[in-house]
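Hydrogens, waters and symmetry mates are skipped; everything else that's a heavy atom, side chains included, is used.
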Amino acid sequence: MYLENSDTICAPATTSGAGAISVIRVSGDKALEIAGRVVTCRQPDAITSAKGYTIRFGTVSGTDGSPVDEVLVSVFRAPHSYTGEDSVEISCHASKYIVQQIMLLLLKAGARAAEPGEFTRRAFLNGKMDLAQAEAVADLIAAQSAGAHRIAFSQMKGGFSSELKDMRTKLLEIVALMELELDFSEEEVEFADRSQLNTLLDKVMEHITSLVNSFRLGNAIKNGVPVAIAGATNTGKSTLLNALLGEDRAIVSDIHGTTRDTVEETLNIDGIMFRFIDTAGIRETTETVERIGIERTWKKISEADIVLGMTDITRTTEQIREELDELLPKIDFSRQELFLLLNKCDILTAETLQEKQTMISSLLDSSGHAQVHILPISAKIKTGIRELKEQLSASRKDKLADSDTTLVTNLRHIEALTRTHEALTRVKSGLASCIPTDLVAQDIREAIYYIGSITGEISDNEVLGVIFSRFCIGK
């Protein structure tokens, strides 16, 4: 629940903990006046009379007159501030006690504590950014890789919004002409050229399809490339996850079926975020809980971009063949990559390992899966782990390389774009069927509505509340 936007709000803008400085943000009509009551400068009106983009030095004292800290106050005048309002940022020493005392003084002076995301919400409401840009601020803060940072920064600067606004403007022009036709319906005048409309619809729908299709890649960059570790029981899947992470994250045991549910962890490899998913071992079982775990394994395999198929290289040729026959049909090679990891290679001699590797390559060739990456490893002593990381990184470098292509990373945006495409599909169908102009115009207006809902040109308080509640306090 957000309170009145006319209130002056304050909150720490930096996380608590050890450090050199902390920053407390104040925004609202009375921001400079309230800061002036809390911070004493040489000149009594040094803060209230300060120009924008200037800094004032002062002292903060407690209610009893005892000194709290020496601070710097950065002044931002409306509309040239993050929120579009008069704002100040108080830089103090990074002590939890000092921050707490300054916050208490600000509240006593007339400010109120900000809600999560309220500064960015005000920036949106004051026209400093649209809703898609505001959501990108949260993504930028949460970015854990170079790729995620690049996408979020591009969206925050308005690249995605610009494309959407261009589409929306073109559709508005068309629907305006159709509305004009309705006003002159008795004269049967056609202002909106139907062939031009069809051409425009084709371009817009193609663009929307491209944006929707970009979500898989965009989501992988933002949340990590999904990598499923799959294979029979006791092939070393959990040991591999621990080896990749460099810590004991998954339980390792000689007992078959130890992993009953999926275990997920992310790892940054050469600037690319990977989301590794350790799955339940695949085998025939009547045990109810384990069977549910295996069903989840197949689901995670279908959702992954990369599958690490684990096999115990010490097993017989027939056992390995059965494992491959079980796994290979589950892989969609048109969109997924399979790495076949030959675990426990340290147990075999070099000659025996080569024979086994040749045998497995032959099995894959005969089944038409020569594109599978084969890598001998020992998860236990970490042999081949570095090579595996290098190959994983190399497999994604080209796909996640820097480009000017807009990538969608937000589920809310995908839903709105999908609904836009559905509405425009109805428009195309209506034009082909020569249905009345007012019905065609209604479908175009619906498409315009959904595009506008992404940038916030069409929004409601409930949606805004959900979006900004996910922000940290102070942002």
Side-chain angles (χ1 to χ4, degrees), residues 120-121 123-139 151-152 154-182 191-194 196-219 222 404-431 435 437-468:
T120 304
R121 181 187 174 108
F124 162 67
L125 293 174
N126 292 328
K128 300 296 291 184
M129 61 180 70
D130 63 37
L131 195 54
Q133 289 174 291
E135 289 172 291
V137 171
D139 290 342
I151 294 175
S154 174
Q155 291 182 353
M156 187 182 71
K157 298 301 288 183
F160 178 42
S161 298
S162 178
E163 294 181 30
L164 294 174
K165 289 174 182 176
D166 182 57
M167 286 190 285
R168 190 169 184 269
T169 298
K170 290 176 180 177
L171 292 174
L172 279 170
E173 291 171 356
I174 291 294
V175 81
L177 292 174
M178 286 189 162
E179 298 284 1
L180 193 60
E181 286 182 12
L182 295 174
F191 291 100
D193 186 289
R194 296 310 190 258
Q196 288 184 2
L197 176 55
N198 268 305
T199 301
L200 172 62
L201 287 173
D202 288 338
K203 289 182 179 178
V204 172
M205 291 174 72
E206 182 181 356
H207 194 169
I208 291 173
T209 298
S210 175
L211 290 173
V212 171
N213 291 340
S214 76
F215 178 71
R216 187 177 184 90
L217 177 57
N219 188 57
K222 178 180 176 181
D404 295 330
T405 304
T406 299
L407 299 177
V408 180
T409 62
N410 190 302
L411 280 171
R412 187 182 73 85
H413 300 169
I414 281 294
E415 181 181 359
L417 288 169
T418 301
R419 290 177 178 264
T420 301
H421 195 279
E422 291 171 353
L424 294 180
T425 300
R426 292 196 297 273
V427 173
K428 288 278 291 183
S429 177
L431 290 174
I435 67 170
T437 298
D438 57 337
L439 298 180
V440 174
Q442 177 57 37
D443 284 326
I444 296 178
R445 281 194 294 269
E446 186 174 331
I448 291 170
Y449 171 86
Y450 285 119
I451 293 176
S453 71
I454 298 176
T455 57
E457 291 166 278
I458 307 293
S459 59
D460 59 57
N461 284 331
E462 184 177 359
V463 172
L464 295 182
V466 170
I467 290 171
F468 290 106

Next on the checklist: Apply side-chain contact (heavy atoms from CB on, under 4.5 Å) to residues Val212 and His421 and explain how you reach the verdict.
Outcome noted: CA-CA 10 Å; Val212 171; His421 195 279; over 6 Å; no
Checklist entry - In Å and rounded to the nearest 0.5 Å, what is the CG to OG distance from Asp166 to Ser161? => result 12.5 Å
Checklist entry - Taking side chain as C-beta onward, heavy atoms only, is Ile414 less than 4.5 Å from Asn219? => result no
Next on the checklist: Would Ile454 and Thr420 count as a side-chain contact (heavy atoms from CB on, under 4.5 Å) here? Give the steps.
Outcome noted: CA-CA 11 Å; Ile454 298 176; Thr420 301; 5.9 Å; no
Next on the checklist: Is it the case that the side chain of Thr169 and the backbone of Lys165 share a donor-acceptor pair, with hydrogens and angles ignored and the cut-off at 3.5 Å?
Outcome noted: yes
Checklist entry - Asp130 and Thr455: which non-hydrogen atoms are nearest, and at how many Å? => result CB-O, 3.1 Å
Checklist entry - So how far is it from Ile151 CD1 to Lys222 NZ, rounded to the nearest 0.5 Å? => result 9.5 Å
Item to check | Leu411 and Phe215, any side-chain heavy atoms less than 4.5 Å apart | outcome: yes
Item to check | Derivation and outcome, side-chain contact (heavy atoms from CB on, under 4.5 Å), residues Leu201 and Leu431 | outcome: CA-CA 11 Å; Leu201 287 173; Leu431 290 174; 3.7 Å; yes
Next on the checklist: Test of understanding: with salt bridge (charged side-chain N to carboxylate O under 4.0 Å, His left out), list the residues that count as partners of Arg426, not counting sequence neighbours.
Outcome noted: Asp443, Glu446
Checklist entry - NE2/His413 to CG/Leu164 distance, rounded to the nearest 0.5 angstrom? => result 8.0 Å
Item to check | Validation row: Lys170, Lys203 side chains within 4.5 angstrom (heavy atoms) | outcome: no
Next on the checklist: Distance check, rounded to the nearest 0.5 Å: Thr409 atom OG1 versus Asp139 atom CG?
Outcome noted: 5.0 Å
Checklist entry - Is the backbone N or O of Thr425 less than 3.5 Å from a side-chain atom of Ser429, with the two atoms forming a donor-acceptor pair by type? => result no
Checklist entry - Can you name the residues that form a salt bridge (charged side-chain N to carboxylate O under 4.0 Å, His left out) with Lys128, not counting sequence neighbours? => result none
Checklist outcome for this item: Heavy-atom nearest pair, Phe160 first then Ala132, reads CD2-CB, 4.4 Å
Item to check | Step-by-step side-chain contact (heavy atoms from CB on, under 4.5 Å) determination, Leu407 to Gln155 | outcome: CA-CA 9 Å; Leu407 299 177; Gln155 291 182 353; 5.7 Å; no
Item to check | Atom of Leu171, atom of Ala447 and distance for their closest heavy-atom approach | outcome: CD1-CB, 4.4 Å
Checklist entry - Can you find a heavy atom in the side chain of Val137 that is under 4.5 Å from one in the side chain of Gln133? => result no
Item to check | Set of residues satisfying salt bridge (charged side-chain N to carboxylate O under 4.0 Å, His left out) with respect to Glu173, sequence neighbours excluded | outcome: none
Checklist entry - Distance from Ile448 atom CD1 to Glu457 atom CD, nearest 0.5 Å? => result 10.5 Å
Item to check | Any donor-acceptor N/O pair, Arg419 side chain to Tyr449 backbone, under 3.5 Å | outcome: no
Checklist entry - Roughly how far, to the nearest 0.5 Å, is CG of Asp202 from NE2 of His207? => result 14.5 Å
